[in-house]
Amino acid sequence: MRVGLYPGTFDPITLGHVDIIRRAAALVDKLVIGVAINRDKGPLFSLEERVAMIESECAKLSEQTGTDIVAHPFENLLIDCAHDVGAQIIVRGLRAVADFEYEFQMVGMNRSLDDSVETVFLMAEARHQAIASKLVKEIARLGGDVSKFVTPKVHEALTERLS
């Protein structure tokens, strides 16, 4: 069984994330969405809220693809999380060249820790490449319309949280 791990904070999950999840699901038998507990980032949504959003958004994708997609909170090293969930593949989404530099360093460190876990990079579709959770939150906080960057359920949660 091929198990992939797609880690991130998902604060909130965006259409870019959903696009990567959809395409990653085609590569593995089980896809674990690793929801990082990163207190330093000061998330807008609690861990429980982020996990619930991911589970809600991925339920239909799981049915459509036939791939088991589950959310898994983690606060340890990414490579240790991969071991915990039995992942042989770490899936990372890339938006721009700047992402690649950071991700390149991460791959090197992870390979130093365990070279049996591969990292696969997926580019979001062009229409989703500029989407970043940080920017979505900022636009929403300033009263802008983020409906084209997130699903209706996530848009509703953002609106409710920021009103």
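No hydrogens, no waters, no symmetry mates; every other heavy atom, side chains included, goes into these values. Position 1 is the first residue of the sequence; numbering continues from there.
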* Distance, nearest 0.5 Å, that separates CG of L94 from CG of L122 ->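 Between atom CG of L94 and atom CG of L122 there are 8.0 Å.
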* Rounded to the nearest 0.5 Å, what's the gap from NZ on K148 to OG1 on T14? Could you check? =>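 Taking NZ in K148 and OG1 in T14, the distance rounds to 14.0 Å.
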* **Geometric class of the Y6/F10 ring pair [parallel <30°, tilted 30-60°, perpendicular >60°]** =>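 Correct class here is perpendicular.
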Taking [Y]'s backbone N and O only, do any of them form a donor-acceptor pair with [X]'s side chain (distance below 3.5 Å, no angle check)?
X   : Y    : value
R92 : T119 : no
R22 : T65  : no
S62 : C58  : no
R2  : L27  : yes

* To do: Please determine which of I37, D11, V35, T9 meets the side-chain contact (heavy atoms from CB on, under 4.5 Å) test together with P43.
  =>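 Filter result, single survivor: D11.
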* Scan I131, V154, L135 and name whichever one has a side-chain contact (heavy atoms from CB on, under 4.5 Å) with F149. =>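 Of all the options given, the one that passes is I131.
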* **CD/E125: more than 12 non-hydrogen atoms of other groups inside 6.0 Å** =>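 Counting other residues, nucleotides and ligands, CD of E125 exceeds 12 neighbours.
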Can you check whether [X] reaches [Y] side chain to side chain, under 4.5 Å on heavy atoms?
X   : Y    : result
H17 : S133 : yes
P12 : K137 : yes
L15 : T151 : yes

